[in-house]
Enquirer: 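Have a look at this one before I ask anything.
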Amino acid sequence: MKLRRAAAVTLAGALAAVGLMTQPAMAGSNDNAGAWVTGGTVHNYCGVGDFCIYTGPSYSGRVFGLPNCTSYALHEWNGVGSYRNNQTPANYSTDALFKAHDGDTIGITTGYPALDSINFRPVYYIVPCH
């Protein structure tokens, strides 16, 4: 239990350092208004096995279900949204990676199966599992 809490605190600090976690999150009226995702199959629902991203905080707005272990590109994600990890573990890690425009990992969902407020502005790619 102590190890998991330490990992969560470390992740929170890392997300805050790159501007992913916002405390408190204030969504603008046009945040993610034109958002879309490419790179593989994308569902318009959050199904079992999907890593799901939402255009609004607290799992609101449009949902994009990402069911594959591939790199998805985020387009016009310019503000606060949320995510829910609905993946079911098999022989791979279900910790999603958030990547910057240059492909560097700037966040990982370890210890956070869902986050109701995340700034997607610095995120250009999501790899749901690896």
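All values derive from a computational prediction rather than experimental measurement.
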Enquirer: For residues 46-59, tabulate all N or O donor-acceptor pairs below 3.5 Å that involve a side-chain atom, not counting sequence neighbours.
Expert:
| from | atom 1 | to | atom 2 | distance (Å) |
| --- | --- | --- | --- | --- |
| Asp50 | OD1 | His43 | ND1 | 3.4 |
| Asp50 | OD2 | His43 | ND1 | 2.7 |
| Asp50 | OD2 | Gly47 | N | 3.2 |
| Thr55 | OG1 | Arg62 | N | 2.8 |
| Tyr59 | OH | Asp116 | N | 3.4 |

Enquirer: Please give me the minimum heavy-atom distance between Pro122 and Ile106, naming the atom from each residue.
Expert: O-CD1, 3.4 Å

Enquirer: With distance as the sole test, does Thr105 use its side chain to make a donor-acceptor pair with the main-chain N or O of Gly107 at under 3.5 Å?
Expert: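 No, the answer is negative, given that no donor and acceptor are paired below the 3.5 Å cut-off.
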
Enquirer: Is Leu74 close to Tyr125 at the side-chain level, that is, under 4.5 Å between some pair of heavy atoms?
Expert: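 Not in contact.
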
Enquirer: Which residues pass the side-chain hydrogen bond (donor to acceptor under 3.5 Å, both in side chains) test with Asn78, sequence neighbours left out?
Expert: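 Scan of Asn78 (side-chain hydrogen bond (donor to acceptor under 3.5 Å, both in side chains), adjacent residues dropped) gives none.
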
Enquirer: Is the shortest heavy-atom distance from the side chain of Ile126 to the side chain of Leu66 under 4.5 Å?
Expert: yes

Enquirer: Heavy atoms, side chains only, cut-off 4.5 Å: are Asn32 and Glu76 in contact?
Expert: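 Asn32 does not reach Glu76 side chain to side chain.
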
Enquirer: Give a yes or no on whether Val63 and Phe98 share a hydrophobic cluster (residues Ile, Leu, Val, Met, Phe, Trp, Tyr; joining criterion: side-chain heavy atoms under 4.5 Å apart).
Expert: no

Enquirer: With sequence neighbours left out, what residues match Cys129 under side chain to side chain contact (heavy atoms under 4.5 Å, CB included)?
Expert: Cys69, Gln87, Tyr92

Enquirer: Who are the side chain to side chain contact (heavy atoms under 4.5 Å, CB included) partners of Asp104, not counting sequence neighbours?
Expert: Asp102

Enquirer: So, using side-chain hydrogen bond (donor to acceptor under 3.5 Å, both in side chains) as the criterion, who are the partners of Ser60 when residues are at least two apart?
Expert: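 Per chain and number, Ser60 pairs via side-chain hydrogen bond (donor to acceptor under 3.5 Å, both in side chains) with no residue.
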
Enquirer: I'd like to check the ring-ring contact (aromatic ring centres under 6.0 Å, His included) partners of Tyr124; sequence neighbours left out, ordered by chain and number.
Expert: His101

Enquirer: Quick one: list whatever passes side-chain hydrogen bond (donor to acceptor under 3.5 Å, both in side chains) with Tyr72, sequence neighbours left out.
Expert: Asn68

Enquirer: Once rounded to the nearest 0.5 Å, what's the spacing between atom OG1 of Thr109 and atom CG of Asn85?
Expert: 5.0 Å

Enquirer: Given side chains that start at C-beta, do those of Val37 and His75 come closer than 4.5 Å, heavy atoms only?
Expert: no

